[in-house]
Amino acid sequence: MAKVTKDMLIGQLINLDPNIAPILMRAGMHCLGCPSAQMESLEEAAAVHGLDVDILVQQINDFLGE
């Protein structure tokens with residue numbers, strides 16, 4: 001399985017595995033369907049929401065590794 005990085009776009013993450021969406025939603029990213037969110041990197045989205053991108057990347061990669 002591919003490793004997620006903080007420079008990947010939100011749209012890429014959702015295309016990689018739609019089950020990543022609930023992880024992002026639980027973190028507070030409730031605007032995943034917004035067109036501009038699709039073109040935002042995970043790092044940019046985390047910054048806007050005041051989240052630690054490294055923790056979010058780890059959570060997603062842990063999920064994908066299950």
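Keep in mind it's a predicted model, so treat the numbers as computed, not measured.
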Given the rule in the side-chain contact (heavy atoms from CB on, under 4.5 Å) test, do Lys6 and Val57 qualify, once you have shown the distances and angles that lead to the verdict? CA-CA 6 Å; Lys6 62 186 176 183; Val57 166; 4.0 Å; yes
How far apart are the C-alpha atoms of Leu42 and Thr5, what are their side-chain angles, what is the distance that settles it, and do they pass the side-chain contact (heavy atoms from CB on, under 4.5 Å) test? CA-CA 8 Å; Leu42 184 57; Thr5 61; over 6 Å; no
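When all heavy atoms of Met8 and Val4 are compared, the pair lying nearest together is SD-CA, 3.6 Å. Smallest separation of non-hydrogen atoms from Ala27 and Leu56: CB-CD1, 3.9 Å. Closest of all the heavy-atom pairs between Pro18 and Pro22 is O-CD, 3.7 Å. Between Asn19 and Asp17 the shortest heavy-atom distance is N-OD1, 2.8 Å. Residues Glu43 and Val53 come closest through the heavy atom pair CA-CG2, 3.6 Å. Considering every non-hydrogen atom in both His30 and Met25, the closest pair reads CE1-O, 3.3 Å.
From Leu24, atom CG reaches atom CD1 of Ile20 across 7.0 Å, with rounding to the nearest 0.5 Å.
Applying the salt bridge (charged side-chain N to carboxylate O under 4.0 Å, His left out) criterion to Glu40, with sequence neighbours excluded, gives no partner residue. The side chain to side chain donor-acceptor pair (under 3.5 Å) search around Asp54 returns none, not counting sequence neighbours. Not a single side chain to side chain donor-acceptor pair (under 3.5 Å) links Gln59 to another residue, sequence neighbours left out.
A side-chain donor-acceptor contact under 3.5 Å links Gln12 to the backbone of Leu9.
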